[in-house]
Amino acid sequence: MVLGNHSTIPEFILLGLSADPHIQVTFFVLFLWIYLLTMMGNLMMMLVIRMDSHLHSPMYFFLSHLSFLDLCLTSVIVPKMLENFLSRTKSIPIEGCLAQAFLVFSIAGTEVFVLSAMAYDRYTTICHPLVYGQLMSKQLCRGLVWGSWGLSFLDALINTLMTLNLDFCGAQVMPHFSCELPSLLSLSCSDISINFSVLGCSAVMHAFGTLLLVFFSYARIVSTILNISSTTGRSKAFSTCSSHLTAVSFFYGSAFLRYFMPNLSSPLELIFSIQYSVVTPLVNPLVYSLKNKEVKEALKRMLRKGLQHLRWRTSGE
């Protein structure tokens, strides 16, 4: 593939997390287990929300999409990482690298928008409970999700298409386990000032636009909760937000540091990337299932139905 005027680089080399073969085997087993648990946890969350009528509300509508996004994000990154742990070449075609960078950017951007929509949902639940159904209509919820996908796709497309105009020359060794736009830009021998400016603007719009919505939503939520006279009522109101705040903290912190500070040293780059692309998709379903009473009750109901169905089939045979 030809990029720019004179670049004919066919592939990149992903150095990954370690060059030691024994450590690579250990990492393969570890990340394989993490990937399987992530898949199982997020698929279970999506299934429970879809099957249980008690969870057919805007909050869980957004949560099911969050689980789907986590599933997509980890599936874009981890399988290639696992392949490279057992491969000698550890290469990725430049087309595949650009595709991976595009998907990571678009999915992560969509997740940021969905997290901010969930903050607005918590705000309407606590601050405007009497008109919650009118404010959070099905049409609005679907519009927020599709709008999140559309804006993130467009943003990722613009940044990725601009990368096609860059020249990549010399040894194209990437000290990373996946292709991300900051890592790609740092390997170019072209003038990347415009690319970094556009990427920075994209990150700022994603970060401060959505983070401001989260901040103002929770500022109003805290103000409303502090006016509740009942201690039990305060505790219940805070508990409805704790899971979402945990998810926001995990994802926003690592993802924004990764894209706002693209010239970090390699170990920190790897840590932040693993945090938001591997660890967070694993943690989110655990946080929402362990800290949410409604989800735990729905899981119990689904397990009981499954056991009853199994007993009925066994007795019928």
Are Asn84 and Phe177 side-chain neighbours, meaning at least one heavy-atom pair lies under 4.5 Å? no
Using the rule side-chain contact (heavy atoms from CB on, under 4.5 Å), only one of Thr125, Thr124, Ile126 pairs with Ile221; which is it? Ile126
Evaluate side-chain contact (heavy atoms from CB on, under 4.5 Å) for Phe85 paired with Val25, printing each intermediate quantity in order. CA-CA 7 Å; Phe85 282 140; Val25 172; over 6 Å; no
Provide the closest heavy-atom pair for Val214 versus Leu115 in the form atom of the first, atom of the second, distance. CG2-O, 4.5 Å
Does Leu151 share a hydrophobic cluster with Leu211, counting links as ILVMFWY side-chain heavy atoms below 4.5 Å and allowing steps through other members? no
Are Phe216 and Val222 connected into the same hydrophobic cluster when the rule is that any two of I, L, V, M, F, W, Y join if their side-chain heavy atoms are below 4.5 Å apart? no
With clusters defined by side-chain heavy atoms of hydrophobic residues (ILVMFWY) lying less than 4.5 Å apart, directly or transitively, does Ile192 cluster with Ile194? no
Looking at CG of Leu161 and CG of Leu98, how far apart are the two atoms once the value is rounded to the nearest 0.5 Å? 9.5 Å
Counting neighbours of CE on Met162 that are heavy atoms of other residues, nucleotides or ligands and sit closer than 6.0 Å, is the number greater than 12? yes
Is it the case that the ring center of Tyr123 lies less than 6.0 angstrom away from the ring center of His128? yes
Where is the tightest heavy-atom contact between Asn159 and Thr163, given as atom of each residue plus distance? O-OG1, 2.9 Å
What residue pairs, at least two apart or across chains, pass side-chain hydrogen bond (donor to acceptor under 3.5 Å, both in side chains) with a residue in residues 100-120? Thr110-Ser152
If you look at every heavy atom in Pro285 and Met45, which pair is closest and at what distance? O-CE, 3.5 Å
Which distance, rounded to the nearest 0.5 Å, do you find between the CG of Leu199 and the CG of Leu184? 10.5 Å
Do Ile77 and Val104 come within less than 4.5 Å of each other through their side chains, counting heavy atoms only? yes
Is there a side-chain contact (heavy atoms from CB on, under 4.5 Å) between Cys179 and Ile92? Walk through the geometry before answering. CA-CA 9 Å; Cys179 291; Ile92 181 171; 4.0 Å; yes
Value for CZ (Arg50) from CG (Leu55), rounded to nearest 0.5 Å, stands at 13.5 Å
Pairwise distance NE2(His65) to CZ(Phe113) - rounded to 0.5 angstrom: 15.5 Å
For a 4.5 angstrom cut-off between non-hydrogen side-chain atoms, does Met118 reach Phe61? no
Would a single hydrophobic cluster contain both Leu213 and Val248, if residues Ile, Leu, Val, Met, Phe, Trp and Tyr are joined by side-chain heavy-atom contacts under 4.5 Å? no
Beyond-backbone contact of Leu66 with Leu63, side-chain heavy atoms, under 4.5 angstrom: yes
Could you tell me which residues satisfy side chain to side chain donor-acceptor pair (under 3.5 Å) with Asn42, sequence neighbours excluded, listed by chain and number? none
Approximate separation, where rounding is to 0.5 Å, of Cys97 SG and Ile13 CD1: 10.5 Å
Is any side-chain heavy atom of Ser75 less than 4.5 Å from a side-chain heavy atom of Tyr35? yes
Compare every heavy atom of Cys127 with every heavy atom of Thr224, then report the nearest pair and how far apart it is. OG1-SG, 3.1 Å
Check whether any side-chain heavy atom of Val278 sits under 4.5 Å from a side-chain heavy atom of Ile34, and report yes or no. yes
Interatomic distance, CZ@Arg220 vs OG@Ser223, rounded to 0.5 Å, equals 7.0 Å
Of the non-hydrogen atoms in Phe62 and Met136, which two are nearest, and what is the gap between them? CE1-CE, 3.7 Å
I'd like to know if Val283 and Leu43 are part of one continuous hydrophobic network [Ile/Leu/Val/Met/Phe/Trp/Tyr, side-chain heavy atoms within less than 4.5 Å]. yes
Please evaluate residues Leu69 and Trp149 with respect to the criterion side-chain contact (heavy atoms from CB on, under 4.5 Å), reporting the C-alpha separation (whole Å), side-chain torsions for both, the decisive distance (0.1 Å), and the verdict. CA-CA 10 Å; Leu69 288 166; Trp149 276 104; 3.2 Å; yes
Please report the C-alpha distance between Thr74 and Asp70 in whole Å, then the side-chain angles of each, then the deciding distance to 0.1 Å, and finally whether the side-chain contact (heavy atoms from CB on, under 4.5 Å) criterion is met. CA-CA 6 Å; Thr74 193; Asp70 283 337; over 6 Å; no
Using a 4.5 Å cut-off on heavy atoms from C-beta on, say whether the side chain of Tyr276 contacts that of Pro281. no
Please check if the number of heavy atoms outside Leu30 that lie under 6.0 Å from its CG is greater than 12. yes
Tell me if the aromatic rings of Phe102 and Phe153 count as close, with their centers under 6.0 Å from one another. yes
Testing the basics here: between Asp155 and Ser202, what is the closest heavy-atom pair and its distance to 0.1 Å? OD1-OG, 2.7 Å
Quick one: does Phe27's side chain get under 4.5 Å of Met81's, heavy atoms only? no
